[in-house]
2 protein chains.
Amino acid sequence: MQQKIIPDIVIGRLPLYYRALQRMSSKGHTVTSSQELADTLGISAAQIRKDLSQFGEFGKQGTGYNVEYLADQLKKILKIDHVWDMVIVGAGDVGSALARYQGFQDRSLRVKMIFDSDPLKIGKELGNFIVKDISTLIDEIKKEGIKIAIIAVPENEAQEVTDTLIKAGIKAILNYAPIHIAVPPEIRLQCIDPALHLQRMTYYL
Amino acid sequence: MQQKIIPDIVIGRLPLYYRALQRMSSKGHTVTSSQELADTLGISAAQIRKDLSQFGEFGKQGTGYNVEYLADQLKKILKIDHVWDMVIVGAGDVGSALARYQGFQDRSLRVKMIFDSDPLKIGKELGNFIVKDISTLIDEIKKEGIKIAIIAVPENEAQEVTDTLIKAGIKAILNYAPIHIAVPPEIRLQCIDPALHLQRMTYYL
DNA sequence: TAGATTGTTAATCGATTAACAATC
DNA sequence: TAGATTGTTAATCGATTAACAATC
C-alpha cells in the first residue's frame with residue numbers, strides 16, 4: 001500500500017496551525033473555522049482546508065472545527081503526541097539560552113543534555129543541567145536513544161559536530177551555526193540564522 | 001519608470017548567496033561558479049543564475065563569478081553596504097544572547113540598544129549595553145532613527161510591543177515570541193520559533 | 001582553438017486560489 | 001428550514017528546471 005506523499009511545505013504549516021489551536025484552547029475557545037484560523041495566521045482559508053484535507057476530514061460543514069479535536073489530530077500527525085528528548089551541543093550564549101528556554105514545554109519537546117568541548121564549561125551548572133564533555137556525546141546519545149539535536153557551536157566546528165551527531169544516531173538537527181552544513185538525505189535539517197532573516201528585510205527598507 | 005518586482009522568495013535566497021560568498025572570500029577563493037555555489041548551498045545552479053539575473057549580469061561565460069565583485073553587488077542589492085542599527089526588546093535569556101551575539105558583526109548589523117520593562121533588569125549591564133526602560137523606547141528609537149527591531153519578550157506582550165515599535169518608526173521586525181503578531185502591510189516581519197522548526201521535523205521521524 | 005560557464009527562454013512542475021456541491 | 005462552512009475540484013498562478021546559444 002503506497003502511502004500518499006505530503007508536500008513538505010504542507011508539513012511546515014501544520015505546527016503553525018497547531019500553535020494557533022493551542023492558543024485558542026488556552027483562551028477557552030472550543031470551536032474555530034478555517035476562516036478564523038486564516039485571519040489569525042495570515043494564510044488563506046482555502047489553503048488551510050486543503051492542507052488539513054490531506055490527512056482526513058476533521059471539520060463539520062456549517063460548524064467548523066472542534067479546537068481540541070483538531071489539535072489532537074495534528075499532534076498525532078506531527079508525532080508530537082509524546083515528548084521528544086533533545087540534546088544541545090555548545091554551551092555558549094545561544095546554547096545556554098536554549099537550555100533555559102521555557103518555550104519547549106507544552107510543545108512536546110524537552111532538552112535532556114547539553115555538551116561542550118571547553119574544559120572551563122564542562123561540569124558547570126546550566127539551568128537544570130550539568131554541561132557534559134563532548135567526547136562522551138556518542139555514548140550518551142546512544143544510551144538514551146535521542147533522535148533530535150540542536151547545534152549551537154561556532155561555525156568552524158558545526159560540520160564536525162554534525163558528523164558526530166549522525167554517528168550517534170541523531171535523525172533531526174536544528175542548526176544555529178551560521179553556515180550551511182551537509183547531511184545525508186535521510187537526516188532532517190533546519191537552520192536558524194537571525195542575520196539571514198534580517199538581511200532579507202533590509203532589501204525593502 | 002516601473003521598477004521590476006522581484007519575488008520575495010528570490011530576495012530570501014540572496015542573503016544565503018552572500019553568506020556563502022563571504023565564506024569563500026575568507027578562505028581566499030577569488031572566483032566561483034553557479035555550480036560551486038549550488039553544491040555548497042544545496043540549491044540548483046540554474047536557480048542561482050536565474051535569481052542573480054534578475055538584478056544584472058555579474059558573471060563571465062566560461063569563467064564564472066568574481067567572489068568579491070558578486071559579494072559587493074549583493075551587498076548593494078540587499079542594502080547591507082552600510083551598517084544597520086537595531087534595538088532588542090526584552091532582556092531575558094533570548095534577548096541577552098542576542099545582545100552578546102557575535103554573528104551580527106561582519107554582516108552589516110549592529111545591536112544599538114536593549115530594552116526591558118522589568119525594574120530589576122533596567123539599568124543592569126548586559127554585554128556592552130545598559131538595559132533601558134521600555135517606557136523610553138519610542139523616544140530613543142526616534143532619536144536614533146532606528147528602523148530594525150528584535151522582539152524577545154513573552155508572547156503575551158509581543159503584540160503590544162510590536163504596536164509601540166511601529167509607532168516609534170520601526171519598519172522591520174524579527175520576532176522571537178512564539179506567536180503570530182499582526183503588522184500593517186508596509187512593515188516587514190520575520191519570525192523565529194525553534195519549536196516550530198523542530199515540530200516540522202518530528203513528522204518524519 | 002576547445003572547454004567551460006553564463007544569461008535566458010521555453011517547458012515543466014508544483015502550489016495556491018476560487019468556486020461550489022454537499023451537508024451540518 | 002436557512003445560513004454557514006467544509007472538503008474537493010478545476011483553474012490559475014508562480015516557481016523551478018532543462019537546455020542551449022552566446023561568449024569568455
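Letters A, B, ... are given to chains in the order of the sequence lines, protein chains preceding strands, and every chain is numbered from 1. Heavy-atom basis, side chains included; hydrogens, waters and symmetry copies ignored.
Between B/Ala20 and B/Leu37 the shortest heavy-atom distance is CB-CD2, 4.0 Å. Contact between B/Glu140 and B/Phe115 at its shortest, heavy atoms only, is CB-CZ, 3.7 Å. Contact between A/His180 and B/Leu41 at its shortest, heavy atoms only, is NE2-O, 3.3 Å.
For DNA chain D, the outermost nucleotides in 5' to 3' order that have an atom under 4.0 Å from a heavy atom of chain B are D/dA15 to D/dC24.
From B/Met24, atom CE reaches atom NE2 of B/His29 across 7.5 Å, with rounding to the nearest 0.5 Å. How far OG of A/Ser108 is from CG of B/Leu198: 11.5 Å, rounded to the nearest 0.5 Å.
Side chain of A/Asp133 to backbone of A/Leu137: no donor-acceptor contact under 3.5 angstrom is found. Remark: the backbone N or O of A/Asp106 is paired with a side-chain donor or acceptor of A/Gln22 at under 3.5 angstrom.
Between B/Asp93 and A/Arg100, at least one side-chain N (NZ, or NE/NH1/NH2) sits under 4.0 Å from a carboxylate O, which counts as a salt bridge.
For DNA chain D, the residues of residues 52-69 of chain B within the heavy-atom distance limit of 4.0 Å (strictly under) are B/Lys60, B/Gln61, B/Gly62, sorted by number. Annotation: proximity of residues 181-192 of chain A to DNA chain D (heavy atom, distance under 4.0 Å) is found for no residue. If you check residues 9-28 of chain B against DNA chain D, the residues with a heavy atom closer than 4.0 Å are B/Ile9, B/Arg13, listed by number.
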Taking Watson-Crick (N1-N3 plus N6-O4 or O6-N4) and G-U wobble (N1-O2, O6-N3), each under 3.5 Å, can you produce the dot-bracket string of DNA chain D? Use [ ] for crossing pairs and | for inter-strand ones.
..||||||||||||||||||||||

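For residues 151-169 of chain A, the side-chain hydrogen bond (donor to acceptor under 3.5 Å, both in side chains) pairs, not counting sequence neighbours, are A/Glu155-B/Arg23, A/Gln159-A/Asp163.
Between the side chains of B/Asp193 and B/Tyr176, not a single donor N or O lies within less than 3.5 Å of an accepting N or O.
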